[in-house]
Amino acid sequence: VGTPKQDFKMVFDTGSPWLWVYSSTTPATLRGSYHIYNLSASSTSREVTRAEAPYHIFNASYVSGSASGVVYRDIFSFDGVEVAQASIGCATTVSDSLSRVNIDGLFGISMDSNPRTSLLNTFNQSGVGAFAVNYQRSGNATIKFGPLASITSGKSINYTTASSKGWYKDYSLWNVQLNQWSAGISHQAASLSVIINTGSSNINLPNDVVDRYYSLVPRTMGGQAGWILFPCNSSQLPEFKMGFVGGATATIPGKAMNWTLGSGDLINGTRWCKGSLQYANWGPSVSRSQYHMQTSGIHLPVG
């Protein structure tokens with residue numbers, strides 16, 4: 001961000017619209033050890049004025065907390081793509097729970113066509129036809145932006161159509177239609193609208209789907225905040241397959257159905273792990289097991 005460039009570690013989030021960072025507007029008590037966007041050090045920063053309301057402030061809410069503040073325009077670059085006048089939220093308040101997440105800010109790219117705030121709209125105008133997310137459990141993740149041909153080169157991609165019909169607060173979400181799923185030998189038809197959200201950490205589907213999946217796991221129990229737990233020493237979890245309108249499919253191997261990266265929670269002498277499948281959301285559990293790409297336009301394919 002800025003001139004000269006200032007680097008930030010951010011969550012790439014298709015489930016929200018705002019690009020925001022900790023900055024020199026953030027109270028010192030909230031800054032911690034995060035990288036700070038030094039506004040005065042950037043020769044290209046400009047505060048968005050009240051005359052441009054309501055785009056002079058941002059309010060972002062997430063499951064893990066919230067952030068709000070003022071908005072500046074500045075150069076934003078990512079993976080070789082440069083946006084000259086990107087809207088950048090500069091946090092003045094961050095909730096306690098979100099401030100404990102080890103990130104410098106959040107890179108939101110929901111399916112929002114608002115030209116005043118949407119990075120997606122800017123990318124589309126600049127010839128960036130697609131982006132691809134390839135998360136890995138080992139941590140060797142990649143996120144690529146570029147023309148559709150370069151993103152899909154050398155890969156066999158099956159597509160389904162994404163729509164912006166689902167809305168949350170004042171912005172639209174990436175929605176795809178799930179028409180079947182299977183776990184083990186169980187195969188079920190479905191008609192579900194699900195959200196692609198790279199900022200989420202699990203897969204959320206209706207209760208009946210979740211219950212049927214965990215009926216294949218010998219021991220489970222409910223944990224805090226509604227998490228479904230199973231013994232960490234359980235044998236291989238069943239893989240989970242999803243089919244989408246248009247023929248695209250995604251298979252999540254059993255090892256990726258274990259959300260817990262560490263040793264789990266010790267409860268009455270047993271280590272319990274959290275399952276990746278909880279309640280209508282496609283998160284990194286899918287992206288860790290698939291090469292997943294999205295085109296940067298409305299009503300265009302997801303593969």
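Reckoned from all heavy atoms, side chains included, excluding hydrogens, waters and symmetry mates. Values in this document were obtained by computation on a predicted structure and should not be read as measured data.
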Chemist: Side chains of Ile252 and Leu277, heavy atoms from C-beta outward: is any pair under 4.5 Å?
Modeler: no
Chemist: Which pair of heavy atoms, one from Gly105 and one from Tyr22, lies closest together, and at what distance?
Modeler: N-CD1, 4.5 Å
Chemist: Looking at Ile267, Thr220, Thr260, which one forms a side chain to side chain contact (heavy atoms under 4.5 Å, CB included) with Leu229?
Modeler: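 So the option named by the test is Ile267.
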Chemist: If you take all heavy atoms of Thr270 and Pro231, which pair is closest and at what distance?
Modeler: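 Closest approach of Thr270 to Pro231, heavy atoms only: CG2-CB, 4.3 Å.
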Chemist: Could you check whether any side-chain heavy atom of Gln177 comes within less than 4.5 Å of a side-chain heavy atom of Thr161, counting everything from C-beta outward?
Modeler: no
Chemist: Give the C-alpha distance, both sets of side-chain angles, the deciding distance and a yes or no for side-chain contact (heavy atoms from CB on, under 4.5 Å) between Ile75 and Lys5.
Modeler: CA-CA 8 Å; Ile75 295 173; Lys5 293 179 180 178; 5.9 Å; no
Chemist: Backbone N or O of Ile109 within a donor-acceptor pair of the Trp174 side chain at under 3.5 Å?
Modeler: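 Yes.
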Chemist: Looking at side-chain heavy atoms only, is the closest gap between Met10 and Phe78 below 4.5 Å?
Modeler: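 Not touching, per the 4.5 Å side-chain cut-off.
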Chemist: Quick one: are Val70 and Val48 in side-chain contact, heavy atoms under 4.5 Å?
Modeler: no
Chemist: Look only at the side chain of Thr92 and the backbone of Thr26, and say whether a donor-acceptor pair between them is shorter than 3.5 Å.
Modeler: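 Checked: no pair found.
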Chemist: If you look at every heavy atom in Ser87 and Val71, which pair is closest and at what distance?
Modeler: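 Taking every non-hydrogen atom into account, CB-CG1, 4.1 Å.
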Chemist: Nearest 0.5 Å, what's the CD1-CZ distance between Ile103 and Phe12?
Modeler: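 Spacing of CD1 (Ile103) from CZ (Phe12) equals 14.0 Å.
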Chemist: Within the side chain of Tyr37, is there an N or O that forms a donor-acceptor pair under 3.5 Å with the backbone of Gly89?
Modeler: no
Chemist: Considering only heavy atoms from C-beta outward, does the side chain of Phe240 approach that of Leu205 to under 4.5 Å?
Modeler: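 Yes, side chains in contact.
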Chemist: With Gln6, which of Asp74, Asn38, Asp104 fulfils side chain to side chain contact (heavy atoms under 4.5 Å, CB included)?
Modeler: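 Considering Asp74, Asn38, Asp104, a side chain to side chain contact (heavy atoms under 4.5 Å, CB included) with Gln6 is found only for Asn38.
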Chemist: Is the backbone N or O of Gly246 less than 3.5 Å from a side-chain atom of Thr160, with the two atoms forming a donor-acceptor pair by type?
Modeler: no
Chemist: Please assess Tyr62 against Ser95 for the test side-chain contact (heavy atoms from CB on, under 4.5 Å), listing each intermediate value before the final yes or no.
Modeler: CA-CA 10 Å; Tyr62 314 97; Ser95 66; over 6 Å; no
Chemist: Rounded to the nearest 0.5 Å, what's the gap from CD on Gln188 to CH2 on Trp181? Could you check?
Modeler: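 CH2 of Trp181 is found 5.0 Å from CD of Gln188.
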Chemist: When you measure from the side chain of Ser42 to the backbone of Thr3, do you find a donor-acceptor pair of N or O atoms at a distance under 3.5 Å?
Modeler: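 Indeed, once roles are kept as given, a pair shorter than 3.5 Å links the two residues.
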Chemist: Side-chain heavy atoms under 4.5 angstrom apart, residues restricted to Ile, Leu, Val, Met, Phe, Trp, Tyr: same cluster for Val101 and Trp20?
Modeler: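 In one cluster with Val101: Trp20, yes.
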Chemist: Is a donor on one side and an acceptor on the other found under 3.5 Å between the side chain of Ser66 and the backbone of Ser61?
Modeler: no
Chemist: Considering only heavy atoms from C-beta outward, does the side chain of Lys274 approach that of Asp265 to under 4.5 Å?
Modeler: yes
Chemist: Which heavy atom of Asn258 sits nearest to which heavy atom of Cys273, and what is that distance?
Modeler: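 Looking at all heavy atoms of both residues, the shortest contact is OD1-CB, 3.6 Å.
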Chemist: Please test Arg271 against Asn233 for side-chain contact (heavy atoms from CB on, under 4.5 Å), starting from the C-alpha separation and ending with a verdict.
Modeler: CA-CA 8 Å; Arg271 289 283 177 185; Asn233 61 0; over 6 Å; no
Chemist: Any heavy-atom pair between the side chains of Gln180 and Thr249 that's under 4.5 Å?
Modeler: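 A side-chain contact under 4.5 Å is absent here.
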Chemist: Is atom NE2 of His56 surrounded by more than 12 heavy atoms (other residues, nucleotides or ligands) closer than 6.0 Å?
Modeler: yes
Chemist: Restricting to non-hydrogen atoms, name the atom on Gly65 and the atom on Ser97 that form the minimum distance, rounded to 0.1 Å.
Modeler: CA-OG, 3.6 Å
Chemist: Pair Ser16, Leu106 - check side-chain contact (heavy atoms from CB on, under 4.5 Å), show working.
Modeler: CA-CA 9 Å; Ser16 67; Leu106 199 134; 3.3 Å; yes
Chemist: With no hydrogens and no angle check, just 3.5 Å: does a side-chain donor-acceptor pair link Thr93 and Ser68?
Modeler: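 Ser68 and Thr93 do have a side-chain donor-acceptor pair below 3.5 Å.
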Chemist: Working to the nearest 0.5 Å, report the span between CG of Leu39 and OG of Ser45.
Modeler: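 Rounded to the nearest 0.5 Å, the CG-OG separation comes out at 5.5 Å.
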Chemist: If you take the centroid of each ring, where Trp contributes its six-membered ring, are Phe107 and Phe76 closer together than 6.0 Å?
Modeler: yes
Chemist: Roughly how far, to the nearest 0.5 Å, is CG of Asn175 from CG of Asn197?
Modeler: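 It is 11.0 Å, given to the nearest 0.5 Å.
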Chemist: Is Thr14 reaching over with its side chain to a backbone N or O of Thr198, donor-acceptor style, under 3.5 angstrom?
Modeler: yes
Chemist: Of all heavy-atom pairs between Tyr34 and Arg100, which one has the smallest distance, and what is that distance?
Modeler: OH-C, 4.0 Å
Chemist: How long is the gap from CZ on Arg73 to OG1 on Thr44, to the nearest 0.5 Å?
Modeler: 13.0 Å
Chemist: Can you check whether Val94's main-chain N or O pairs, donor with acceptor, with Ser99's side chain at less than 3.5 Å?
Modeler: no
